[in-house]
Amino acid sequence: MKIDVKEKIKSSIEEFLKEYKKNVQFDILPTEKEEFGDFYSNIALRLSDKDNPPNLIAEKIKEKISPLLSGIIKKIEIKNGFINFFIDENIYKEHLLKILKNGKGYLEENIGNGKKVLIEFVSANPTGPLTIAHGRQAAYGEALSRILKFAGYNVTKEYYINDAGRQMELLGESLKARYYQLKGMNYDIPEDGYHGEYLIDIAKEIKEIRDDKKFFIEFAKSKILEGIKNDLEKFGVYFDNWVSESWFIEKGNVENILNFLKEKNLLYEKDGSLWFKSSLFGDDKDRVVVKKDGFYTYLATDIAYHKYKIERGYEILINIVGPDHHGYIPRLKSAVSSLGFNIENFIVLIVQLTTIYRGKEKISMSTRKGQFITLRQLIDEIGADASKFFFIFRKIDSHLDFDIEIAKKQSSENPVYYLQYAYVRMKHLIEYGKEKGYDLEKIKPSLDLLEKNEELDLIKKLWRFNDVIKSVVNTYGVHLLCEYLLDISKIFHSYYQKYRIVGEKQELTYARLALIKSLLTVFELSLFLLNISLPERM
RNA sequence: GCGCCUGUAGCUCAACUGGAUAGAGCAUCUGCCUUCUAAGCAGAGGGUUGCGCGUUCGAGUCGCGCCAGGCGCACCA
């Protein structure tokens, strides 16, 4: 674990506050501009008033804390009321050496403290192939899981299969219609059924039929699920568990949970249906759990599922859903809350939609009408890595415009290649160095020789890695890690172009290779976390 | 009508908890391969952060009101 400079600055300022008996909230934040140093604090601005201008207070603080920070901070400057801290370069360089020596293990950050986290994502109905919307959720969920795991959480990835209820009936009827159509019979697909052509392909595979409803449902479901699993595998997204809605019904979990709620007096009958008092927990109105026809609603089975999550001891539940589910969230939160789970640890992340364009043509999507670009088509057209990166390097609240034509045409200018190219160059440099007899294991590099701007920038970037991971964990903003890597890549490519790494001066070469090796460690790790593959050459 | 998300350069998007002169990429224009990979680099232009009030030392960020786009408002999932 690296030295927590931010914490040291903070506690030194708190010393000052104690002495002057002041109490005020303040921040220590990383700066965005080099001239402002590495961290800045707004403490003086917070303390200032008419009689005490911020710069004056800042001077007092500086005087008090300077001795407390010697060896860590080499310079403190005051500007516009801000106090700017410049970290001693030795701190950075020691960090680099540790990475060099211990590899990615040194970068590990134990934020999660082994807490059990369940991440449920994709969870698409087995009524059709995965779409691009699922692709974005899958790419994001996988990356987030990997990062949380790295940050010390005990993460389980789960896919919930909605294989019960009316949608499955419609699926079965739709397949049945396609089957008889293939036999030359005049048989209509239900109007609100599934009209996609994929059911024709599935119908063709039917060898022998047993003419009952269940057969068609089961056949369609198993074929579609198989397809979903294949697509996810091709995309590089893996689940630890697959659980199914019908399983909860068969095992009696749903009945049990309803009894449980009944005992707590949270259910009542009205208009021939059974209602859950979700309005007691913040929902707009109560919701039906057992319909007039005697079947469970989706909510009923979902409560049973969430009970199952809690029973297995998960302390944090993360659900990644599409925006079409947002109206559903309050009732689910009500349900989880009624089960006695701390609602603050139930995190629902909404991944906004991706709008697909082919050039200027906007492709509107509907699973039922059968008009959509599947995830599989996307992977086949532009590749898994490029697709995944496109999906995760924007924050999930943004509506994503994804022009397939551009992604294809400009594939060589896709940012993912920029990263991968940086990685390949780094890797090659290390190999080339080895060929020339440079063995980093044997020597302690003299990092003081690294004095070019690019070198110092890169060293600082290495030091920021843990801050980025913390930010991702705090905000669920996976894209921050992408931005970070793009930042490094930019400096690195520039550096590479400007200076020779493996050159004539031996000591300098060792120092530079040490920097490259550490960068490589961060890249390997980060690209793994983002679930982007590491090419050998490009 | 109500709820959620979004509105930032020509286009696609960043900006961590409210911080200093709002940043990248693409596209456009000008240069750079006899060298560790040119899928690269250097340079240039491009902004009233949708509009209006407010909160405060300070607002792209917070509050209120408009405008525009997306999604959702089921005894579907």
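The structure displayed is predicted, hence computed values, not measured ones.
For Asn42(A) (side chain) and Asp27(A) (main-chain N/O), a donor-acceptor pair under 3.5 Å exists by modelled atom type.
At the heavy-atom level, Tyr496(A) lies under 4.0 Å from base atoms of the strands shown. In this structure, Asn42(A) reaches the bases: a heavy-atom distance under 4.0 Å links it to at least one base atom across the strands shown. When heavy atoms are screened at a 4.0 angstrom cut-off, Glu245(A) is found touching the sugar-phosphate backbone but no base atom. Residue contacts shown for Lys79(A) include a base, since a base heavy atom lies under 4.0 Å away. Contacts of Phe36(A) with the nucleic acid, taken as non-hydrogen atoms under 4.0 Å apart, include base atoms. Nucleic acid contact for Asp271(A): base, since at least one base atom lies under 4.0 Å from a heavy atom of the residue. Using a 4.0 Å heavy-atom cutoff across all strands shown, Tyr499(A) reaches at least one base atom of the nucleic acid. If you check every strand for non-hydrogen atoms under 4.0 Å, Leu45(A) touches a base. Counting any heavy atom pair closer than 4.0 Å across all strands shown, Val424(A) reaches a base atom.
Atoms CZ (Arg425(A)) and P (A39(B)) sit 8 Å apart, rounded to a whole Å. Counting to the nearest Å, the P atom of A77(B) and the CG atom of Asp302(A) are 11 Å from each other.
The salt bridge (charged side-chain N to carboxylate O under 4.0 Å, His left out) search around Lys8(A) returns none, not counting sequence neighbours. Remark: Lys10(A) pairs with no residue by the salt bridge (charged side-chain N to carboxylate O under 4.0 Å, His left out) rule, at least two apart or across chains. With sequence neighbours excluded, the residues forming a salt bridge (charged side-chain N to carboxylate O under 4.0 Å, His left out) with Asp283(A) are Arg287(A), listed by chain and number. Under the side-chain hydrogen bond (donor to acceptor under 3.5 Å, both in side chains) criterion, Lys213(A) pairs with Glu169(A), not counting sequence neighbours. Annotation: salt bridge (charged side-chain N to carboxylate O under 4.0 Å, His left out) contacts of Glu35(A) (sequence neighbours excluded): Lys79(A). In this structure Asp324(A) satisfies the side chain to side chain contact (heavy atoms under 4.5 Å, CB included) test with no other residue, sequence neighbours excluded. Taking the side-chain hydrogen bond (donor to acceptor under 3.5 Å, both in side chains) definition, one finds that Thr301(A) meets it with Glu245(A), sequence neighbours left out.
The side chain of Lys33(A) places an N or O atom within less than 4.0 Å of a non-bridging phosphate oxygen (OP1 or OP2) of G23(B). Checking the phosphate oxygens (OP1, OP2) of A39(B), a side-chain nitrogen or oxygen of Tyr421(A) falls inside 4.0 Å. Under 4.0 angstrom from either OP1 or OP2 of G25(B) there lies at least one side-chain N or O belonging to Lys490(A).
In summary, the aromatic rings of Phe402(A) and Phe390(A) are positioned with their centroids under 6.0 Å apart.
For Ser494(A), taking side-chain heavy atoms from C-beta onward, the closest of the listed nucleotides U35(B), A20(B), C41(B) is C41(B).
Heavy-atom nearest nucleotides on RNA chain B were determined for Ser41(A) and for His493(A), and the one closer to the 5' end corresponds to Ser41(A). Between Arg537(A) and Trp275(A), the residue anchored nearer the 5' end of RNA chain B, judged by the nucleotide with its closest heavy atom, is Arg537(A).
Between the P atoms of C62(B) and A24(B), the separation comes to 24 Å (whole Å). Rounded to whole Å, the separation between the P atoms of G69(B) and U12(B) comes to 16 Å. G23(B) and C36(B): their C1' atoms are spaced 31 Å apart (whole Å). A distance of about 9 Å separates the C1' atoms of G60(B) and A15(B), rounded to the whole Å. The gap from the P atom of C64(B) to that of A77(B) amounts to 35 Å, rounded to the nearest Å. Comparing the same atom, C1', in C32(B) and in A22(B) gives a spacing of 31 Å after rounding to whole Å.
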Where along nucleotides 9-17 of chain B does protein come under 4.0 Å, by heavy atom, of base (B) or sugar-phosphate alone (S), with - for untouched nucleotides? ---BSSSBB
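Checked by distance alone, Asp324(A) brings no side-chain donor or acceptor within 3.5 Å of a matching partner on the base of G72(B). If you check distances only, the side chain of Asn84(A) does reach the base of A20(B) with a donor-acceptor pair under 3.5 Å. One N or O donor and one acceptor, one from the side chain of His326(A) and one from the base of G3(B), sit under 3.5 Å apart.
A salt bridge does not link Asp403(A) to Arg358(A): none of the charged side-chain nitrogens sits closer than 4.0 Å to a carboxylate oxygen.
Judged purely by distance below 3.5 Å, without hydrogens or angles, the side chains of Glu77(A) and Asn84(A) never pair a donor atom with an acceptor atom.
Stem regions annotated for RNA chain B: B:1-7 with B:67-73, B:10-13 with B:23-26, B:28-32 with B:40-44, B:50-54 with B:62-66, counting only runs of 3 or more consecutive pairs of Watson-Crick or G-U type with both contacts under 3.5 Å.
For C33(B), the base adopts the syn conformation, since its glycosidic angle falls within 90 degrees of zero.
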